[in-house]
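Right, one structure below, let's go through it.
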Amino acid sequence: EERGLPCGWYATKKDISMISLQREGSNTYLKIKTVGGCTAIGIQKQYDCKEFPELIWKWRVYSVPSGALENVRKLADSAAGVYVIFKGKLRLNRIIKYVWSSSLEKGVCVESPYNERVKIVVLQSGDAASGIWISECVNVVNDYKRLFGREPSDPVVGIAILSDSDNTRSMVDADYDDFWIRGSR
């Protein structure tokens with residue numbers, strides 16, 4: 001176990017004690033484990049999502065926040081979340097947040113209770129796949145059109161991840177690995 005952030009990534013808060021780099025054999029991955037914590041980390045990466053519409057990663061969850069609901073302000077925790085941040089005028093960024101939810105059903109799309117410009121897409125739900133790496137491949141252009149009702153006109157400016165339990169004060173334990181952006185095939 002190694003404390004700290006991957007090279008080029010930044011945290012939203014000073015306390016990064018919940019974040020560590022772990023090893024399994026020759027592979028290194030990121031772990032977020034906390035009871036009641038909430039620190040997002042991200043990387044600034046500007047690119048044209050129309051040229052590279054696919055975002056690929058894998059994640060593994062061991063513990064989902066008890067009773068969490070991403071669309072209810074006082075319960076809005078996620079076992080795992082991946083944010084795609086689009087450039088906006090005057091910091092009015094539009095964001096797609098892909099989540100591993102505690103209780104919202106897979107395939108559900110909701111609006112963040114904190115910000116109407118953040119749309120949440122549930123890719124995984126519950127703890128049935130606890131401890132198993134799940135690979136994801138999303139088309140952010142198609143999702144943007146579906147969620148915001150138009151083509152994305154601004155570039156992606158960053159990717160962020162967050163596993164949090166500050167609202168439910170429960171245990172969250174999630175791993176992230178192998179992020180890629182890819183052109184359409």
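For Tyr144 and Phe86, the distance between ring centers is under 6.0 angstrom.
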Check the pair Met171 / Ser66 against side chain to side chain contact (heavy atoms under 4.5 Å, CB included), numbers first and verdict last.
CA-CA 8 Å; Met171 168 63 79; Ser66 181; over 6 Å; no
Test log, rule side chain to side chain contact (heavy atoms under 4.5 Å, CB included), inputs Val172 and Ser63:
CA-CA 5 Å; Val172 170; Ser63 179; 5.8 Å; no
Check the pair Cys38 / Leu162 against side chain to side chain contact (heavy atoms under 4.5 Å, CB included), numbers first and verdict last.
CA-CA 7 Å; Cys38 179; Leu162 171 72; 4.1 Å; yes
Please determine whether side-chain hydrogen bond (donor to acceptor under 3.5 Å, both in side chains) holds for the pair Glu151 and Ser153, giving the CA-CA distance in whole Å, both sets of side-chain angles, and the decisive distance to 0.1 Å.
CA-CA 6 Å; Glu151 291 269 343; Ser153 56; over 6 Å; no
Could you walk me through whether Val82 and Leu55 satisfy the side chain to side chain contact (heavy atoms under 4.5 Å, CB included) test, starting with their C-alpha distance in whole Å, then the side-chain angles of each, then the deciding distance to 0.1 Å, before giving a yes or no?
CA-CA 10 Å; Val82 174; Leu55 176 63; 4.0 Å; yes
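At least one donor-acceptor pair closer than 3.5 Å links the side chain of Asn139 to the backbone N or O of Asn142. At least one donor-acceptor pair closer than 3.5 Å links the side chain of Thr12 to the backbone N or O of Ala40. Ser101 contributes no side-chain N or O that, together with a main-chain N or O of Ser125, makes up a donor-acceptor pair within less than 3.5 Å. Side chain of Thr39 to backbone of Asp15: a donor-acceptor contact under 3.5 angstrom is found. Formation of a donor-acceptor pair under 3.5 Å by the Lys119 side chain with backbone atoms of Glu116 is found in this model. Listed for the Tyr114 side chain is a donor-acceptor partner under 3.5 Å among the backbone atoms of Arg73. Judged by distance alone, with hydrogens and angles left aside, the side-chain atoms of Ser130 form a donor-acceptor pair with the main-chain N or O of Tyr62 at under 3.5 Å. Between the side chain of Asp48 and the backbone N or O of Lys50 there is at least one donor-acceptor pair closer than 3.5 Å.
Interatomic distance, Asn71 CG to Leu69 CG, rounded to the nearest 0.5 Å: 5.5 Å. Taking CD from Glu54 and CD1 from Ile181, the interatomic distance works out to 11.0 Å, rounded to the nearest 0.5 Å. Here the NZ-CG distance, from Lys87 to Leu92, works out to 13.0 Å after rounding to the nearest 0.5 Å. Of the inter-residue distances, the one linking Trp59 atom CH2 with Phe179 atom CZ reads 8.5 Å to the nearest 0.5 angstrom. Distance check, rounded to the nearest 0.5 Å: CD of Gln22 to CG of Asp177 gives 11.5 Å. Here the straight-line distance linking atom CD1 of Ile161 with atom NZ of Lys97 works out to 12.0 Å at 0.5 Å rounding.
When all heavy atoms of Val156 and Val84 are compared, the pair lying nearest together is CG2-CG1, 3.8 Å. Listed here is the closest heavy atom pair of Val140 and Cys49: CG2-CB, 3.8 Å. Here the closest heavy-atom approach between residue Asp77 and residue Ala68 is recorded as O-CB, 3.4 Å. The two atoms that bring Ser165 and Val35 nearest to each other are OG-C, 3.7 Å, heavy atoms only. Nearest heavy-atom pair, Phe148 versus Ile95, reported as atom, atom and distance to 0.1 Å: CZ-O, 3.8 Å. Across every non-hydrogen atom of Ala174 and Ala80, the tightest pair is CB-CB, 4.2 Å.
Residue Asp175 is tested with Lys58, Arg60, Lys33 for a salt bridge (Lys or Arg N to Asp or Glu O under 4.0 Å); the sole match is Arg60. Considering Ser103, Ser102, Ser78 as possible partners of Glu70, the one that fulfils the side chain to side chain donor-acceptor pair (under 3.5 Å) test is Ser78.
Ring geometry, Trp57 versus Tyr98: the interplanar angle falls from 30° to 60°, so the pair is classed tilted.
Using a 4.5 Å heavy-atom cutoff, the side chains of Trp100 and Ser163 are not in contact. In this structure the side chain of Val138 reaches within 4.5 angstrom of the side chain of Leu123, judged on heavy atoms. Between Arg169 and Pro65, the closest side-chain pair of non-hydrogen atoms is not below 4.5 Å. Side-chain contact between Leu21 and Leu30 is present, with heavy atoms from C-beta onward closer than 4.5 Å.
Residue-environment remark: CD (Glu111) exceeds the threshold of 12 foreign heavy atoms within 6.0 Å. The environment of OH in Tyr10 is sparse: at most 12 heavy-atom neighbours from other residues, nucleotides or ligands sit within 6.0 Å.
Put simply, Val72 and Val108 are part of the same group of oily side chains (I, L, V, M, F, W, Y) that touch within less than 4.5 Å, one to the next. Cluster annotation: Val141 and Leu147 are assigned to distinct hydrophobic clusters (Ile/Leu/Val/Met/Phe/Trp/Tyr, side-chain heavy-atom contacts under 4.5 Å, transitive). Residue Trp9 is not grouped with residue Ile56 when hydrophobic side chains (ILVMFWY) are merged at heavy-atom distances under 4.5 angstrom, including chains of intermediate members. Note: the hydrophobic cluster containing Val122 does not contain Ile96 (ILVMFWY, side chain heavy atoms under 4.5 Å, direct or indirect links). Note on Ile43: it clusters hydrophobically with Phe52, by side-chain heavy-atom contacts below 4.5 Å among ILVMFWY residues.
Between Lys31 and Asp173 a salt bridge is recorded (basic side-chain N to carboxylate O distance below 4.0 Å).
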